[in-house]
Amino acid sequence: MRTAIVTGGGSGIGLAIAEKFVLSGIRTVIIGRDEQKLSAAKELLGDMCITIVADLNDLNKLPEVVTNITNTIGNIDILVNNAGINMKKEFTEVTDEDFQKIILTNVTAVFALSREVVKHMLQNNIKGSIINISSMASQYGIPKVIAYTASKSAIEGMTRAMATELSPKGIRVNCIAPGFIATAMSAKALNNDPERKAKALGRTPMGYLGEPADIGEAALFLAGEGAKYITGTVLPVDGGNSIGF
Ligand code: NDP
């Protein structure tokens, strides 16, 4: 049986990825800070779902998180770096602390967790799959999300660098760039800003927000045998938003 880690698997896109994995027979460890959110997800997903309460910003604790998983559950085959935070603010209002906070969660923690999981995969000769989550913010310019844009652009570069270095060793690394997907995060960014919502939908040829499950399907594909010759890619799952006029 394959085992996956999905960070931020207690809600939104991460929960949909975890659900897809569990339904496909992949034992799935979901990580988040909010115990209640994780418990609710476990109730939904059942025994194939294991929850771990951890703050990914505590970089020093990440090696222990990975060791605990490998000691108690076994090998890790799939890592989905889904946890992320956003912040909508005018460029000049963003403090250095704001900027660093987003980079810490969306970039540094992704690197640090990936490094620990990759060490484990290499030591155990695992043909692994790592999936990072980017955003339309790195496909084109979006105002008022400077730190988020920097972080997601970094994720796409890191995906290519990781793929180049790790694919020869049997670990594929890919990235999904979700378009506008109906979750708590997008509701916060769009629902009190009708102009922005109209703009997002106006350039989405399919004309509606995506569902978290749409990202789940893409993650399952990239994690599996069907994608065995795919590495270093960024796959938009966006109803055409990234190519829309
Ligand atoms: P949510 O806010 O619903 O989910 C984010 C998840 O990340 C939460 O479960 C949260 O768990 C977890 N998380 C955040 N910070 C930490 C941390 N420090 N340690 C552990 N877990 C953390 O957002 P979405 O589902 O919408 O977003 C998921 C990913 O998809 C993000 O990377 C986002 O940037 C990306 N994305 C989303 C889009 C959308 O339209 N919704 C579009 C493009 C990209 P907890 O609160 O328990 O810590």
Side-chain angles (χ1 to χ4, degrees), residues 6-21 23 32 34 37 40-41 44 80-94 98-99 101-103 105-107 110 131-157 159 174-223 227 230 233-245:
V6 179
T7 66
S11 65
I13 289 173
L15 177 58
I17 295 171
E19 185 172 21
K20 194 73 211 169
F21 281 4
L23 289 174
D34 183 336
K37 218 195 269 182
L44 184 77
V80 184
N81 287 307
N82 162 81
I85 51 172
N86 194 0
M87 179 192 293
K88 202 168 130 207
K89 257 190 186 183
E90 295 274 344
F91 181 81
T92 50
E93 302 288 313
V94 177
D98 290 338
F99 195 91
K101 196 175 150 203
I102 303 256
I103 297 295
T105 303
N106 292 8
V107 180
V110 168
I131 298 166
N132 296 323
I133 306 291
S134 175
S135 160
M136 288 302 110
S138 58
Q139 312 294 309
Y140 52 79
I142 304 181
K144 298 184 192 161
V145 284
I146 188 65
Y148 185 76
T149 300
S151 74
K152 293 302 186 180
S153 300
I155 282 295
E156 295 197 8
T159 299
N174 288 291
C175 184
I176 296 171
F180 291 86
I181 310 294
T183 68
M185 184 189 280
S186 63
K188 206 169 142 205
L190 297 179
N191 284 358
N192 58 358
D193 191 343
E195 205 182 316
R196 201 173 181 99
K197 188 166 186 180
K199 199 157 183 181
L201 288 176
R203 60 169 295 164
T204 303
M206 288 188 172
Y208 56 89
L209 297 182
E211 296 167 9
D214 295 327
I215 311 303
E217 295 285 352
L220 181 67
F221 167 65
L222 288 173
I230 300 179
T233 56
V234 177
L235 174 63
V237 180
D238 65 348
N241 181 272
S242 57
I243 52 84
F245 173 67

>> To the closest 0.5 Å, what do you measure between NZ (Lys88) and CG (Asn192)?
In response: 5.5 Å

> So, does Arg203 use its side chain to make a donor-acceptor pair with the main chain of Asn241 at under 3.5 Å?
Replying inline: yes

>> So, taking the atom named NZ in Lys199 and the one named CZ in Phe180, what distance separates them when rounded to the nearest 0.5 Å?
In response: 10.5 Å

> side chain to side chain contact (heavy atoms under 4.5 Å, CB included) with Thr7: which of Ile17, Asn82, Thr105?
Replying inline: Asn82

>> Measuring from atom CZ of Phe99 to atom CD1 of Ile146, what distance do you get when rounded to the nearest 0.5 angstrom?
In response: 6.0 Å

> What closest approach, in Å, do Ser186 and Ile181 show between heavy atoms, and which atom pair accounts for it?
Replying inline: OG-O, 2.5 Å

>> For a side-chain contact (heavy atoms from CB on, under 4.5 Å) check, start with the C-alpha distance between Met185 and Ile13, then their side-chain angles and the critical distance, and finish with the verdict.
In response: CA-CA 10 Å; Met185 184 189 280; Ile13 289 173; over 6 Å; no

> Any idea which heavy atoms bring Val234 and Ala177 closest together, and the distance?
Replying inline: CG1-CB, 3.9 Å

> Has Lys101 got more than 12 heavy atoms of other residues, nucleotides or ligands less than 6.0 Å from its NZ?
Replying inline: no

Can you give each donor-acceptor pair under 3.5 Å made by side-chain atoms of residues 150-157, sequence neighbours left out, with the distance rounded to 0.1 Å?
from   : atom 1 : to     : atom 2 : distance (Å)
Ser151 : OG     : Asn106 : ND2    : 3.2
Ser151 : OG     : Tyr148 : O      : 2.7
Lys152 : NZ     : Ile133 : O      : 2.8
Ser153 : OG     : Thr149 : O      : 2.9
Glu156 : OE2    : Ser134 : OG     : 2.6
Glu156 : OE2    : Ser138 : OG     : 2.7
Glu156 : OE2    : Gln139 : NE2    : 2.6

> To the nearest 0.5 Å, how far apart are CD in Glu19 and CG in Leu44?
Replying inline: 5.0 Å

> Do you know the tightest heavy-atom contact between Ala41 and Leu15?
Replying inline: CB-CD1, 3.7 Å

> If you round to the nearest 0.5 Å, how far is CG of Leu222 from CD1 of Ile131?
Replying inline: 5.0 Å

> Between Asn191 and Lys197, what is the shortest heavy-atom contact and its length?
Replying inline: OD1-NZ, 3.6 Å

>> How close do Asp238 and Thr204 get, counting heavy atoms only, and between which atoms?
In response: O-CG2, 3.7 Å

> Within a radius of less than 6.0 Å around NZ of Lys89, do more than 12 heavy atoms belonging to other residues, nucleotides or ligands occur?
Replying inline: yes

> So how far is it from Ser11 OG to Asp34 CG, rounded to the nearest 0.5 Å?
Replying inline: 8.5 Å

> Can you check whether Leu235's main-chain N or O pairs, donor with acceptor, with Thr233's side chain at less than 3.5 Å?
Replying inline: no

>> Quick check: closest heavy atoms across Tyr140 and Ser242, and the distance to 0.1 Å?
In response: CE2-CA, 4.2 Å

Would you mind writing out the side-chain donor-acceptor pairs for residues 208-219 within the sub-3.5 Å range, not counting sequence neighbours?
from   : atom 1 : to     : atom 2 : distance (Å)
Asp214 : OD2    : Glu211 : N      : 2.9
Glu217 : OE2    : Lys20  : NZ     : 3.0

